[in-house]
Structures are given as structure tokens and as C-alpha cells.
Q: 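Before anything else, here's the structure in question.
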Protein chains: 2
Amino acid sequence: MNIQNTILGLLMSGPKTGYVLKQMFDSSLGFFAGASFGSIYPTLRKCEEVGLVKMDLEIQNGRPNRKVYSLTPKGRKGFLSALRADLIVSPYRNEFLTKLFFFSYLDAREREGFVRDYIRYVSEKMDRLAELDTLAGVEPDAFQEMCYGFGIRYVRELARNARKLQKEVERHDDPGRKRKGTLRSGKRTQG
Amino acid sequence: MNIQNTILGLLMSGPKTGYVLKQMFDSSLGFFAGASFGSIYPTLRKCEEVGLVKMDLEIQNGRPNRKVYSLTPKGRKGFLSALRADLIVSPYRNEFLTKLFFFSYLDAREREGFVRDYIRYVSEKMDRLAELDTLAGVEPDAFQEMCYGFGIRYVRELARNARKLQKEVERHDDPGRKRKGTLRSGKRTQG
DNA sequence: TGAGACATGTAACAGGTTACATGATTTC
DNA sequence: GAAATCATGTAACCTGTTACATGTCTCA
């Protein structure tokens, strides 16, 4: 499911322009997939050349003409075959954890700054997902609702995880700060 | 924190060969960062050319000579400056969710197959992380322990999330299976 | 005798992004 | 009158992977 096949998938529900596809990537799919104009337009052209889609020109006055792309039977087959192909999950990458791995080379103020930045980032992501629910350009089907639900739970747990980490970092950098209900006996040595 | 800066970071704790760096990428960092030989060796050479690291050749008999790289003062500064640079989180990508978005074009058997594949993938990831704890080539510092803890909680929640999704998909595909609050009228085909 | 660890390296390819280029229309 | 929206497109670049190439030693 590279960009080409994702575009074909989006065309399954009807003809669309590159511009509209970009909006879908930025909204509905934004949480787990994305594409820039610099990849969308060349991909559409390439798909047309190999007969996966056909293009209909819609003449407009004042504005650039719209190029409306629709799936050919070959394109439909191509998409379904890609969709059915084995699931290959690309490795998880996390910029923040990479920095955390090297936190010992920073001072406490810097460390806590990065943790706050990350929590802010995750919170914004949560907010944007929550907004999506309100907007909802096209009615999502049952599975797209599940995508959304998965995303909501995912970012919620990510935020929880990050806050837990924040406390660990704070406790490390200033052990005297939060002496309240800490049960030394119940604390396990991680490792 | 691209590969170059991550490599410099790993050299902070002492000189290493490209081969050893690869092992670290595959084990300690494997959960959130990675690199292939095809990027490690050219990067080391490039870093040497611009004076970020220096190379010491260790002659071996029988085996290829080891090229042991160590940080120069310039390399140390370069790494610290990269580490302190603003946190830029690259967008979350998820191949499975992309497929889920298009699940309506599959039949129930195919859908449940993909969900099972994903759960298996996440479980394996969990197992590999748990093993890491046992192995632990180098003693991790406090923040590296936190990385590890974050990872453990992350995959655990991911697994929980995936199982919840699995139930939703099953309930959708066979509403009669788990009758709890569902008011669906039609009887399902048996078999 | 075959697999896997040790050890380095290159070339071709993949799969994108960013910045640039163009230009009218609508909205604040 | 500035900014955002509509609408398409190209070229240069980035950052990395995969596959190939080479060769010895060790262990089962």
C-alpha cells in the first residue's frame, strides 16, 4: 500500500482530482498515511500512462481546468490485488525515543523541555483527531470508523505513556521533589 | 537525529566499528531506530572525511581488518548540537490502518486474516522487546531504561488496541456471534 | 559440509519531500 | 490589499534500503 495503491483505493469510491485526493490525505487518512502534491500528481500521470486510471478534463473559466481521474477495470484489479497482498509493517521509528536514549548528555532543564515538547505534540495530535470527527467530509463506513477509533485509543495511550515517562524523568532529575506517596517497597527495579 | 547523528551518539560511549554499530541498531535501538550496512559504512566514511570521527585500523589475521571509529571534539560538538536541536516528529505511518481503511473491499475471511496478522506482528514485537531485557549487551543508563519501559508499555497497549479492533471487526462480520446489545434483525447464515 | 558469525564495502534503486513556478478568485 | 483557496505541475534533492561482492574462521 504505497501512495499509488492508496490513491487507487481512494478512487474506488468515485472519480477525484489530485487536489481533492490531497485533502483526503490531509484529513481522513492524515493520522496514518500522507502524500504531497509532488508525489500525487506524478503518480496520477503515471497511472494514466499505464492504464490504471483515465482522465477527464473539466474546463473551468478563471480557474485551472480540473483533471478528474477515475479507475479503469485494470486499476480496480490492481488495487484489490495490492490490498490483498501480505501485510508488511515497516519498522516503528520514534525521533523522541532516539533523543531519550541519549538524555544523559543533556541537563535536567533540557530533558524536561523535550519531554514537554513531546507531550504537546501528542496532545495536538489528539486534538486534531477529535476535530476530524466533527468535520467528516464524507460519511465514513464501519471500518473507517474503526480506523478512527483505533487512532483515538492510540493517541490517548501514547499521551498516558508520555506522562508516565515525564514523571520518571522528573523523579530522576529531582528525587526530592515528589516525596509523598512513594512506596519504596513496592517499587521494582526496572531491568 | 538522522542516522549520522545517531551513530555519533553511539560513539559517545566509546570507539566502535561499523559492525558493532549495526548490532546496537538491531538490539538496543531496534525498537525505535535502525540502520543497514548500506547506510552505516558510507556514513562513517563521510564523517571521517569531514573530521567528525577518526579511524584506527586494527589489523587482524584471517579476518578482515577492523576499522575502529572514535569521535573527534568536532564530532562530539556536532552530536550535542543535533541532540539539542528542536524535536521534529515525523508523521505516524501505519500500513495496517491503511488496509483497514479499505476493508469494505474485502470479504470477512480476508479481513479477519489481516487483523490476525497484525496482532501476531505486535505480539512478536512484544516478545522481542522482552528478550532484549534478558540479553542487554551493555548496561543501559537510567534514561535508556526509560526508553525500554516506554517501549514495553507502548506495545502492550498496541496489542490491547488491536484486540479491541479484532472484536469490532468480528462483531461487524458476524453480528450473531456475540449477542450482547445488538439489535440486528436478520439471522446469520449458519456455517 | 554447510551455516552462521565476523568484517567491509559499492551501485542501483526506491519512494518519497521541498521548493519553485503559475495565476485567477474569493474572503477577511 | 493581504491571505487563503482553488488547481496543476516540475526539478532537485534527501535519506535510506536491497542486492551484490569478497573472504576467513568456527561450530555442529
Q: List in chain and number order the residues that pass salt bridge (charged side-chain N to carboxylate O under 4.0 Å, His left out) with B/D26, two or more places apart in sequence or in another chain; answer none if no residue qualifies.
A: B/K22

Q: Write out all pairs satisfying salt bridge (Lys or Arg N to Asp or Glu O under 4.0 Å) with one or both partners inside residues 66-83 of chain B, taking only residues at least two apart or from two chains.
A: B/E58-B/R66

Q: Is a side-chain N or O of A/T17 found less than 3.5 angstrom from the main chain of A/V68, in a donor-acceptor match?
A: no

Q: Short of 4.0 Å, heavy atom to strand atom, which residues of residues 38-60 of chain A count as contacting DNA chain C?
A: A/G38, A/S39

Q: To the nearest 10 degrees, what angle separates the axes at the start and end of the helix from C/dT1-D/dA28 to C/dC28-D/dG1, five pairs each?
A: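 Rounded to the nearest 10 degrees, the bend comes out at 50°.
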
Q: Using residues 116-123 of chain A as the side-chain source, report each donor-acceptor pair under 3.5 Å to any protein atom, sequence neighbours left out, with the distance given to one decimal.
A:
residue	atom	partner	partner atom	Å
A/D117	OD1	A/R120	NH1	3.4
A/S123	OG	A/I119	O	2.7

Q: Any side-chain to backbone donor/acceptor pair from A/E112 onto A/R109? Under 3.5 Å, distance only.
A: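 Not at all, since once roles are kept as given, no pair shorter than 3.5 Å links the two residues.
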
Q: Give the residues of residues 1-12 of chain B touching DNA chain D, defined as any heavy atom closer than 4.0 Å, sorted by residue number.
A: B/N2, B/I3

Q: Is there a residue in residues 14-24 of chain A whose heavy atoms reach under 4.0 Å of DNA chain D, and which residues are they?
A: A/T17, A/G18, A/Y19, A/Q23

Q: Is the centre of the A/F32 ring less than 6.0 Å from the centre of the A/F150 ring?
A: no

Q: How would you give the extent of chain B contacts on DNA chain C, as first and last nucleotide 5' to 3' within a 4.0 Å heavy-atom cut-off?
A: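 Under 4.0 Å from chain B, the extent on DNA chain C is C/dA5 to C/dT10.
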
Q: Under 4.0 Å from any atom of DNA chain C, heavy atoms only: list the residues of residues 74-100 of chain A that qualify, in numerical order.
A: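 Within residues 74-100 of chain A, no residue comes under 4.0 Å of DNA chain C.
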
Q: Mind listing the closest non-hydrogen atom pair of B/G38 and B/P42 along with its distance?
A: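 For B/G38 and B/P42, the tightest heavy-atom pair comes out as O-CG, 3.3 Å.
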
Q: Kindly work out whether a path of hydrophobic side-chain contacts (I/L/V/M/F/W/Y, heavy atoms less than 4.5 Å apart) joins B/I88 to A/L158.
A: no

Q: I'd like to check the ring pair (Phe, Tyr, Trp, His ring centres under 6.0 Å) partners of A/F31; sequence neighbours left out, ordered by chain and number.
A: A/Y154, B/Y92

Q: Hey, does the side chain of B/K54 reach the backbone of B/E48 with a donor-acceptor pair shorter than 3.5 angstrom?
A: no

Q: Just by distance, do the side chain of B/Y148 and the backbone of B/L129 share a donor-acceptor pair under 3.5 Å?
A: yes

Q: Among residues at least two apart in sequence or on other chains, which ones pass salt bridge (charged side-chain N to carboxylate O under 4.0 Å, His left out) with A/D127?
A: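 Expected list: none.
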
Q: Under a single-linkage rule joining Ile, Leu, Val, Met, Phe, Trp and Tyr whose side-chain heavy atoms are separated by less than 4.5 Å, which residues share a cluster with B/F37?
A: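 Listed partners: B/Y19, B/Y41.
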
Q: Check whether any side-chain N or O of B/N5 sits under 3.5 Å from a backbone N or O of B/L8 as a donor-acceptor pair, and report yes or no.
A: no

Q: Pair A/F103, A/H172 - check ring-ring contact (aromatic ring centres under 6.0 Å, His included), show working.
A: CA-CA 11 Å; A/F103 258 27; A/H172 176 280; 9.8 Å; no

Q: What is the distance, rounded to the nearest whole Å, between atom CG of A/D26 and atom C1' of D/dC6?
A: 14 Å

Q: Which heavy atom in A/S70 sits nearest to a heavy atom in A/D56, and how many Å separate them?
A: OG-OD2, 4.2 Å

Q: Do B/E157 and B/R163 sit within salt-bridge range, that is, some charged N less than 4.0 Å from a carboxylate O?
A: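 Salt bridge: no.
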
